[in-house]
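Right, one structure below, let's go through it.
Here, residue 1 is the first one in the sequence, and each next residue gets the next number. Whatever order the structure lists them in is the order used to number ligands and atoms, beginning at 1.
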Amino acid sequence: MSETSVAEVGVDTRPWWYGTFGYQVYLRSFADSNGDGIGDLAGIRGRLDYLVDLCVDFVWITPFYPSPMADWGYDVADYCEVDPRFGTLDDFEALVAAAHRRGLRIIIDLVPNHSSDAHPWFADALTGPDSEHRDYYIWADPGPDGGPPNNWVGYFGGPAWTLDPASGQYYMHLFLPEQPDLNWRNPKVLEEFDRILRFWLDRGVDGFRIDVAGALVKDDLLRSNPQVGPWDPAAGRFEQWLAFEHLHDVFQPESHEVFRRWRAICDEYGAYLLGETYHREPQGLADLVPGDGMHGGFWFEPMHIAWDVDELRRALVGPVELLGERLLWASGSHDHERSPSRFGGGDEGRGRALALNVLFACLPGVPILYQGEELGLVDGRVPPESMLDPVDNGRDGCRTPMPWEPGPGGGFTTGEAWLHSDPRSECETALAQVGDPDSWHSRYTDLLTVRRALPDLFDEPVVWTDGDHGPVISYRRGPVGVAANTSFDRHQVEVPAGSSVVYATPGVEFAGAGQLVLTAHDAVIWAAPS
Ligand code: GLC
Ligand code: CA
């Protein structure tokens, strides 16, 4: 497909991302082209055909900017460059061009909540309160007791403030001290990012995933949060975070001004603006993604649930009506345990994760697979002495290298992978699975192929048809129906006479006209006769 034909897909009045399936590439661990053990941009380019054959429509790539890697690239030292470990700007442009030739779109990760402490803006800010870039960051005098200015805690634990001994002031950081938060109340920061967005849009990117999108603007008075439980700086990071009601640090409505501005820029280019919108309530998520702000926001509940029918229903039904096509669905990411592990491990966990993706497939919104999900991967095992993530209960297990082939390096690298993990078994590799009709890879490829071929469902409301609240979750959307059996027992599902099954996991059986039988973790998509 030529670059022009990619643009033409959008001639339709619907945004190009409606009805698509995305794929998240965790860059460091996807494909290493030069044997240094670190995944890179040329590595992705070499695997584009794999992604095309999987039938994904766009790829979201995690940060590739120059970075000291304190948080593995989510600490950006230059927003308009490529870290030499990942390649060059030319490699980036070559990747975009090669993707577009194949009809694949590229979404990049923008990290605006904080920069790296190695960013020249912060280096200048540290030279003193009168420096040009001081107000690019959030500074405050010590509190009355000489300690931090307020009680905010970082999402990775500990106080959200670090003292700069030279000036006697504290700077704020929602994450590591190496990730100082930018001051989104400063119009100069807004202007800098307008330029950054255009820099990448002019290089052909098709959209941005906005990191920590809910938290850009902070309370102008830097008020302390109400404390709702004991805070122990030695406790786990989530426990520390939950000791406070986050009234003043995150989810400030003023962030919408930023997104309205970016939306206008993205709309000029037909680019997709989607947020890492970490709100656990549907209404809270809807507030973060108003119609004139970001085009879409991730709904994270499916990454938190256990395999329990009530939890599943709650995680699926809640946001649909409020957000519709603004939703992004995912069952895993580089920040969370892989869903097959979370859902019990082994083929049971894999089957459950697939069933969840079948449920996502026909709902309004855009589902995104996390790299390796199509292989049914459970978390990799990283020996304790090899763990590299800076946070407690590290995220290394979901970040281990993609198993392309059996053998040392797993086809990921010809050298030593940056993150050491136990070798994957042969049946987990792409080489073993691609083309085998009984593999997880084939089940996912079929699902994505079916989804792409389904008729336009955008104006069809979702009708949940599992009124008895049993173990089978099901819905209809226009002529299409979806059902998944969350239990181990056999359950019958009735479909209108003459319906055809367009997708089914291996255990689904026909039991005569209009009757399907679903065994453990089976899922099905059917279409009523037209
Ligand atoms: C987001 C990223 C995560 C990172 C954090 C701080 O949550 O997904 O990996 O650590 O932001 O930038
Ligand atoms: Ca490399």
T429 versus E426, side-chain donor and acceptor atoms under 3.5 Å: no
Please calculate the OD1(D32)-the Ca ion (ligand 2)-O(I38) angle and round it to 10 degrees. 80°
Counterpart residues, salt bridge (Lys or Arg N to Asp or Glu O under 4.0 Å), relative to D211 (two or more places apart): R209
From the N, O or S atoms in D40, identify the one nearest to the Ca ion (ligand 2). OD2
Examine distances only and state if a side-chain atom of E178 and a backbone atom of D117 form a donor-acceptor pair shorter than 3.5 Å. no
N/O/S of G37 less than 3.0 Å from the Ca ion (ligand 2)? no
Within the 4.0 Å heavy-atom cut-off around ligand 1, the contacting residues, ordered by chain and number, are D71, Y74, H114, F156, F175, Q179, R209, D211, V212, E276, H334, D335, R395, R399
Any sub-3.5 Å donor-acceptor pair from R338's side-chain atoms to D379's backbone N or O? no
D40 backbone acceptor or donor facing R28 side chain under 3.5 Å: no
Looking at the Ca ion (ligand 2), is one of the N, O or S atoms of S33 less than 3.0 Å from it? no
Side chain of D91, backbone of L41: donor and acceptor closer than 3.5 Å? no
Do T400 and S421 pair up side chain to side chain, a donor and an acceptor below 3.5 Å, judged on atom types alone? no
Output the atom name for the N/O/S atom of D36 with the smallest distance to the Ca ion (ligand 2). OD1
Okay, side chain of D219, backbone of R223: is any donor-acceptor separation there less than 3.5 Å? yes
